[in-house]
Amino acid sequence: MNLSEKINIIRASVMGANDGIISVAGIVLGVFAATEGRTNGNWAIFIAGFAGTLAGMISMAAGEYVSVHGQRDAENAAIQLESEANRNNMKQQIATVQASLVSDDISLALAKKAASEMMMSRPIDTAVRVKHGFNIQNKINPYHAAIASFITFPLGALLPMSAILASPKNIKIISTYAAVMIALILTGYFAAKIGNADTRNGIVRNVIAGLFTMTATFLIGRLFNR
């Protein structure tokens, strides 16, 4: 398994857990708001959270599979395109690689020699890397991303469900918010690190998204608490 594949699995795992936390937290808080004061409130929360978890697991896995498979299809199309271009006009392909090397501040003489050697030894790999920006050796497996998100979604969902079901009635809301906020800080941090983005911005965006989701569903649940 190459580095690109490992990073993709980690990304899918973090995003699966993050979606599990936010979406199920919104579901259970909304149901709690709608059933507060009723004797079967906890049972309703559990059923809704469990159903949301199952739906989310399948949805996340399917989404990851379709997304990564779409990327694979685009890469395969690029490989086919460059294979045909190499067969039909190798001189133009070499010239393109040469121009790319020159744009990277390599001398013209060295660029000519390097382009010819690269296109003679690994023509498809070189053309695809230069013209499309990816390495054909680093293909990502869509099944790995799907399985990773399928597993981590329920792990993320378990946190808000446990917090709201295990807490006394008078602190259910605050304990769920607190648990979810801590989890979102962690997933926001790791998501930003994977993407080499600013971790503070990643955390803030993630926490705001979670707060908005939970608050919106809670308020909607209140409307149906009659």
Side-chain angles (χ1 to χ4, degrees), residues 1-33 45-46 48-71 138 140-167 171-222:
M1 185 181 293
N2 56 55
L3 179 60
S4 180
E5 177 70 8
K6 291 178 181 177
I7 292 174
N8 185 56
I9 291 174
I10 295 172
R11 177 200 59 79
S13 299
V14 172
M15 296 312 297
N18 195 70
D19 280 6
I21 294 165
I22 293 178
S23 58
V24 174
I27 290 171
V28 296
L29 279 171
V31 173
F32 170 74
I45 292 170
F46 172 77
F50 183 72
T53 299
L54 287 178
M57 290 166 63
I58 297 170
S59 176
M60 276 295 298
E64 285 289 346
Y65 176 81
V66 170
S67 175
V68 176
H69 212 294
Q71 179 181 335
N138 292 339
I140 297 173
N141 191 318
Y143 294 101
H144 292 168
I147 292 170
S149 61
F150 186 83
I151 293 172
T152 56
F153 186 97
L155 296 179
L158 185 63
L159 180 67
M161 284 186 65
S162 299
I164 199 165
L165 291 173
S167 301
I171 61 169
K172 280 185 183 294
I173 298 174
I174 191 170
S175 62
T176 304
Y177 265 86
V180 168
M181 288 303 99
I182 292 171
L184 292 180
I185 289 172
L186 294 175
T187 55
Y189 172 83
F190 286 115
K193 291 292 287 185
I194 292 169
N196 293 319
D198 183 85
T199 54
R200 180 180 296 178
N201 289 339
I203 291 171
V204 170
R205 285 194 297 265
N206 207 37
V207 170
I208 290 175
L211 283 172
F212 177 80
T213 301
M214 290 188 294
T215 304
T217 54
F218 179 82
L219 293 175
I220 292 171
R222 280 290 195 204

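The shortest heavy-atom contact between Ala209 and Thr213 is O-OG1, 2.8 Å. Shortest non-hydrogen contact noted between Val207 and Ile185 is CG2-CG1, 3.9 Å. Heavy atoms only, all atoms of each residue included: Met15 and Ala191 are closest at SD-CB, 4.4 Å. Here the closest heavy-atom approach between residue Val180 and residue Ala25 is recorded as CG2-CB, 3.8 Å. Of all non-hydrogen atoms in Phe218 and Leu29, the two that sit nearest each other are CD1-O, 3.6 Å. The heavy-atom pair separating Ala48 from Val31 by the smallest distance is CB-CG2, 3.5 Å.
Checking each of Ile22, Asn206, Thr152, Asp19 against Thr187 for a side chain to side chain contact (heavy atoms under 4.5 Å, CB included) leaves exactly one that passes, namely Asn206. Residue Pro160 is tested with Ile27, Ile45, Leu165, Val24 for a side chain to side chain contact (heavy atoms under 4.5 Å, CB included); the sole match is Val24.
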Side-chain donor-acceptor contacts of residues 50-67 below 3.5 Å, not counting sequence neighbours, with atom names and distances?
{"unit_1": "Thr53", "atom_1": "OG1", "unit_2": "Gly49", "atom_2": "O", "d": "2.8"}
{"unit_1": "Glu64", "atom_1": "OE1", "unit_2": "Arg11", "atom_2": "NH2", "d": "2.8"}
{"unit_1": "Glu64", "atom_1": "OE2", "unit_2": "Arg11", "atom_2": "NH1", "d": "3.2"}

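Summarising the geometry, atom CD1 belonging to Ile173 is positioned 7.5 Å from atom CD1 belonging to Ile164; distances are rounded to the nearest 0.5 Å. Here the CG atom belonging to Leu186 is positioned 11.5 Å from the CE atom belonging to Met181, to the nearest 0.5 angstrom. In this structure, CG in Asp198 is found 10.5 Å from NZ in Lys193, a value given to the nearest 0.5 Å.
Side-chain contact check for Val68 versus Tyr143: every heavy-atom pair is 4.5 Å or farther apart.
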